[in-house]
Every structure is written in C-alpha cells, then in structure tokens.
Amino acid sequence: MQEPEIIKVGPSGRFNSIIAAIVLGLPFIIVFFYTKGLTSGLDMVFFYDETEYHYPVILQFAKQLPFPDLTDYNSATTPLFHLLFAILSKVLGSDIQHLRLINFFITVLCTIILFRLLIREFKQPFISALLSTSLFSLSPYFFREAFVVMTDNLPVLWLLLFFQYYLRFKSNRSLQNFLFSMIFVMLLCLTRQTYLYILFPVSIDIMMSEDLKQSKYIYLALLAGAATPTFLLFFTWKGLTPPQFHELHTEDSVLNIKPLLYGWAVLGFYALFIVGDKLYRNFLNVNKPKLTIALVVAWLLLFFFPLVKAKHDFGYLWYIADDLPGLHGASLLFYFLIGVGICASASIWRIENPLFYLLFIMGLFMSEIPNKFFFQRYYDSSLLILLLFLDAQYDKPDKFQLIRKGLLILLFIAYFIMYIIN
C-alpha cells in the first residue's frame, strides 16, 4: 500500500504538514491571545475546579517533594497529574500561568498524535484525517481544557499513546509494543482511576487472540501489573478516591444505570455525525427482533429511571434536553439518542471481528457507575476517539459524512463562542 502523502519526504509532504499545522493550530493560537497568554480566564464557573482543587494540590505536592503525602489530598482523581505538574513547577515556576501553559502544550501534543495516528496507523486520506482531528480538537470538553489547569487532557495523551502502541501490537504481535502500551495504561489509571475500564477490552482481546507469540498469561500479567499501582492507592484510601471524597463522589449503589443511559445518549449523538456509510449499511443486517428487544428494554429503563439533571450534573446535552418536551420526567431527546446509541452499538457488534472498540465503549460506560456526578466531559473524549478510529478503520470518507463532520465542528465552534459570551 502506498504511503500516505503527509509522511512523504518532499515538497508535497511538507506542504501538507504546513497546512495541517495552520488548520489545527490556529484555534489554539486565537484563544491563547484572547486569554492574554493564559493570564486571564474564560469563565469563573468553569475555573472553580482549577482554583479550588487542582492548583492547591499541585502547590501542596510541590512543597512536599520528594515524598508528597498521597494518603489524602483535595482532589477526587488519582495523583499523577498533580505530581507531574508539581515537579514541573520546580523548573518552570508555580505561577498559574506557567501551569496552564503546560496543559496547553499537552493538549496541542494530543492533537498532533491523533492526526499522526489517523495518517500512519489507519492510512486515512489527508483531508479526512485533518477533518477528524479538527473535530476532536475543537470538541468542547477537550479544547477549553487547554487553557486551564484541569486533569482531563493529560489522560487523553496517555490514551492516544496507548492506542499507538497497542494498535502496532495488534498488527505485529511485538511484546515490546505491548509492554509500551501497558506503561501508558499504568499512567492513565494513575492520572484518572476511571480509565481502569481499559482492563476489560484488553483482557478480552488477549484471551480471544490465537496468534500471540508468547503465553497469554504473560500479557495478562503485564496488564495486571499496569493496574497494580492504582489498586494499591485504592487499598491505601480504603475506597476509589482519597478519603475526603468518598461520600461526595462515590455512588452508594452499584445498581446505578444512569451512567449507562447517559453514555448511550452521548454515543448516539456523536454517531449521527461520525458513523460512516459502511456502518449504516451494516445496520440493515442486524438481527431486528434482538435489536427491538434491546431498544424496548433501554426505553423502559429510561421510563422507570428517567435521566433528570441533578444539581451538579454538567454537559451540553443536559441543557439541550431541558428545553425539549419529555416523557415521564426524561426528555424525548434522550429517548431518541439512546435509541440511536443502541443501534450504533448493534452495527459495531456486527462489523467488528474480534470485538475491540465496542468493548471499550461498554467498559467506559460501566466505569462511570460508581460516580455520583455525571459530567459529559467524562464521556466525550474517549467516545470521540473510539468513533473516529472505528470510522477510520471500517469506512472510506464520502461527501455526506464530510458534511456531517463539518456541521459538528461548526456546532462546537458556536458552543464555544456562546460559552465565552455568556
């Protein structure tokens, strides 16, 4: 297969690289100058977590280095983000502007890595890869986190690097690539514990593989080793978060289906814009009686356990749903989007062999069950990456799909502008 033009050596490759840098970098540069070099903020409500939790913990860890106290601290997430920023603050300074700049470059680096993955690993055409990367980089809960000290984008970096090496492992079965991918799983879980959901799809993928070069137990042992540091923190905390957040953030019941329903709604929303022609056509071959049962069950669950926005729930789907008519407490928008999400899942089930991305999606939904709060940003980045990878692997871009992706980008830009104005 011919190598994609973006990585050719020569005038055309350099020209494409320049175009990509301009298109992907311009939105970040514009907002960078709008915030006066990250010295001013975008919105004080959004900055609450930065000033109340993350910045103080970074300063605390910086004072306690080289042995910070991890037994309890003022953040609900695992501590790698705060540790890394505390160490870097010793070099770059602890001023909030300097720490925001670190997060800014982490976000830009994520954008570059995603673009290279789509070009190199998935062999996507230049324009399609550029459009998909722009869609992701401008998504509300990724783009604006570039300009504050928030924990959301560092795990995206680890997730993309995990995929880079795991996709190579799936291609050549190199133990070295698997080892590198597990290092990034470890970093992921130490940055945000909910990413332990990766254990589920990877372990299933290993167990179902028949062409491994080593014993399956070696791969599973490496996977367990990657998760061990996070489980040690759970043991130390006697819970899933530092002790002061046990009651605030952890749901009392494991019979909590709200995150599953909300996850399918987010999946359904993005599937409308991203899912390609092949997945749509494959849907025609889905077993209709089984799909009907799945839809009825999902809608019954929504009827009896309606998605109603609690005080601390956050996400633009919540706000769109609030302005639309409802049924038994839940917006009709959620009935529609959950239905689309179920149909998209059924289509992915049909097309994937072996299942991999769908298991990631299910793992993501289950990882949010212990959480009391439902923020759309907990779903967005992972779902967008997985849908873009599915699209790149199974579909060729067509005009209708390019239009839908372009429309979603415009919606993201409009949302961000309205966010700043308000």
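Predicted, not measured: the structure shown is a model, and the values here were computed from it.
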Gap between atom CD of Gln214 and atom CG of Leu222 - 0.5 Å precision:
10.0 Å
Phe105 atom CZ, over 12 foreign heavy atoms within 6.0 Å
no
Is Gln124 reaching over with its side chain to a backbone N or O of Ile119, donor-acceptor style, under 3.5 angstrom?
no
Under 3.5 Å donor-acceptor, Glu121 side chain and Arg168 backbone
no
What heavy-atom pair brings Tyr73 and Thr78 nearest, and what distance separates the two atoms?
OH-C, 3.4 Å
Answer with yes or no after comparing the ring centroid distance for Phe169 and Tyr219 against a 6.0 Å cut-off, counting only values under it.
yes
Thr107 backbone acceptor or donor facing Thr111 side chain under 3.5 Å
yes
Could Lys258 and Glu368 be called an ion pair, given the rule that one side-chain N must be under 4.0 Å from one carboxylate O?
no
Quiz question: by atom type and distance under 3.5 Å, do the side chains of Tyr270 and Asp380 form a donor-acceptor pair?
yes
Give me the atom names and distance for the closest heavy-atom approach of Leu159 to Ser382.
CD2-OG, 4.0 Å
Measure the acute angle between the ring planes of Tyr165 and Phe180, then classify it against the limits of 30° and 60° as parallel, tilted or perpendicular.
tilted
Is the shortest heavy-atom distance from the side chain of Ser215 to the side chain of Ile218 under 4.5 Å?
yes
Pick out which of Thr133, Ile18, Leu131, Leu130 makes a side-chain contact (heavy atoms from CB on, under 4.5 Å) with Val23.
Leu130
Where the side chain of Ser331 meets the backbone of Ala321, is there a donor-acceptor pair that is under 3.5 Å apart?
yes
Atom pairs and distances, side-chain donor-acceptor, residues 340-350, under 3.5 Å, sequence neighbours left out:
| from | atom 1 | to | atom 2 | distance (Å) |
| --- | --- | --- | --- | --- |
| Ser345 | OG | Trp264 | NE1 | 3.1 |
| Ser345 | OG | Gly341 | O | 2.9 |
| Ser347 | OG | Leu279 | O | 2.5 |

Is it true that the NZ or CZ of Arg404 lies under 6.0 Å from the centre of Phe400's six-membered ring and within 45 degrees of the ring axis?
yes
Is the centre of the Phe360 ring less than 6.0 Å from the centre of the Phe163 ring?
yes
Can the ring centroids of Trp318 and Tyr262 be said to lie less than 6.0 angstrom from one another?
yes
Please assess Asp391 against Lys278 for the test salt bridge (charged side-chain N to carboxylate O under 4.0 Å, His left out), listing each intermediate value before the final yes or no.
CA-CA 9 Å; Asp391 170 55; Lys278 188 173 181 180; over 6 Å; no
Among Val275, Leu383, Leu364, whose side-chain contact (heavy atoms from CB on, under 4.5 Å) with Leu267 holds?
Leu383
Pairing donors with acceptors under 3.5 angstrom, does anything connect the side chains of Gln393 and Tyr357?
yes
Report the distance from atom OG1 of Thr51 to atom OH of Tyr55, rounding to the nearest 0.5 Å.
11.0 Å
For Arg120, does its backbone N or O pair with a side-chain atom of Lys123 as donor and acceptor, under 3.5 Å?
yes
Taking the side chain as everything from C-beta on, heavy atoms only, tell me whether Leu92 gets closer than 4.5 Å to Ile102.
yes
Look at the side chain of Asn103 and the backbone N and O of Arg100, then say whether any donor-acceptor pair between them is shorter than 3.5 Å.
no
Only one of Thr151, Thr77, Thr230 forms a side chain to side chain donor-acceptor pair (under 3.5 Å) with Arg192, so which one is it?
Thr151
Could you check whether the rings of Tyr316 and Tyr415 sit parallel, tilted or perpendicular, using 30° and 60° as the cut-offs?
tilted
Under 4.5 Å between any side-chain heavy atoms of Ile338 and Leu307, yes or no?
yes
Please find the pair of heavy atoms, one from Phe234 and one from Leu240, that lie closest to each other, and give the distance.
CE2-O, 3.4 Å
How long is the straight-line distance from CG of Asp277 back to CG of Asn282, given to the nearest 0.5 Å?
11.0 Å
Asn177 and Gln164: side-chain donor and acceptor closer than 3.5 Å?
no
Nearest-0.5 Å distance that lies between atom CZ in Phe305 and atom CG in Leu260
12.0 Å
Quick one: do Leu190 and Leu83 satisfy side-chain contact (heavy atoms from CB on, under 4.5 Å)? Show the steps, please.
CA-CA 10 Å; Leu190 286 173; Leu83 284 171; over 6 Å; no
Are Tyr197 and Tyr195, when compared by the centres of their aromatic rings, separated by less than 6.0 Å?
yes
Quick one: closest heavy-atom pair of His82 and Ser75, and the distance?
CE1-OG, 3.3 Å
Donor-acceptor contact present, side-chain Ser132 to main-chain Ala129, <3.5 Å
no
Nearest 0.5 angstrom please: Met150 CE to Leu99 CG, how far?
14.0 Å
Between Leu337 and Ala265 the two heavy atoms that sit nearest each other are CB-O, 3.6 Å
Distance only, no hydrogens: is a donor on one side chain within 3.5 Å (strictly under) of an acceptor on the other, for Arg173 and Ser209?
yes
Kindly indicate whether a cation-pi arrangement holds for Lys213 with Phe178, taking the cut-offs as under 6.0 Å to the six-membered ring centre and within 45° of the axis.
no
Modelled atom types, side-chain donor and acceptor of Thr191 and Trp158, under 3.5 Å
yes
Evaluate the salt bridge (charged side-chain N to carboxylate O under 4.0 Å, His left out) criterion for residues Asp152 and Arg377: first the C-alpha distance (whole Å), next the side-chain angles of each, then the deciding distance (0.1 Å), finally the verdict.
CA-CA 8 Å; Asp152 298 84; Arg377 72 176 195 260; 3.0 Å; yes
Please evaluate residues Phe245 and Asn74 with respect to the criterion side-chain contact (heavy atoms from CB on, under 4.5 Å), reporting the C-alpha separation (whole Å), side-chain torsions for both, the decisive distance (0.1 Å), and the verdict.
CA-CA 8 Å; Phe245 288 90; Asn74 195 32; 3.6 Å; yes
At their closest point, which heavy atom of Leu387 faces which heavy atom of Ala271, and how far apart are they?
CD1-N, 4.0 Å
Asp95 meets the side-chain hydrogen bond (donor to acceptor under 3.5 Å, both in side chains) criterion, sequence neighbours left out, with none
Pair Phe412 and Phe143, ring centroids less than 6.0 Å apart
no
Would you say Gln376's side chain and Phe314's backbone share a donor-acceptor pair under 3.5 angstrom?
no
Taking Ser134's backbone N and O only, do any of them form a donor-acceptor pair with Ser137's side chain (distance below 3.5 Å, no angle check)?
yes
Assess the pair Phe375 and Tyr141: is the distance between their ring centroids shorter than 6.0 Å?
no
Check step by step if side-chain contact (heavy atoms from CB on, under 4.5 Å) holds for Asp205 and Tyr166.
CA-CA 11 Å; Asp205 193 41; Tyr166 196 75; 2.7 Å; yes
Test item: side-chain donor near acceptor, Glu145 and Asn153, under 3.5 Å
no
Drop me the distance from Leu167's CG to Ser181's OG, to the nearest 0.5 angstrom.
9.5 Å
NZ of Lys396: more than 12 outside heavy atoms within 6.0 angstrom?
no
Verdict with supporting geometry, Phe334 and Leu302, side-chain contact (heavy atoms from CB on, under 4.5 Å)
CA-CA 8 Å; Phe334 285 130; Leu302 182 59; 4.1 Å; yes
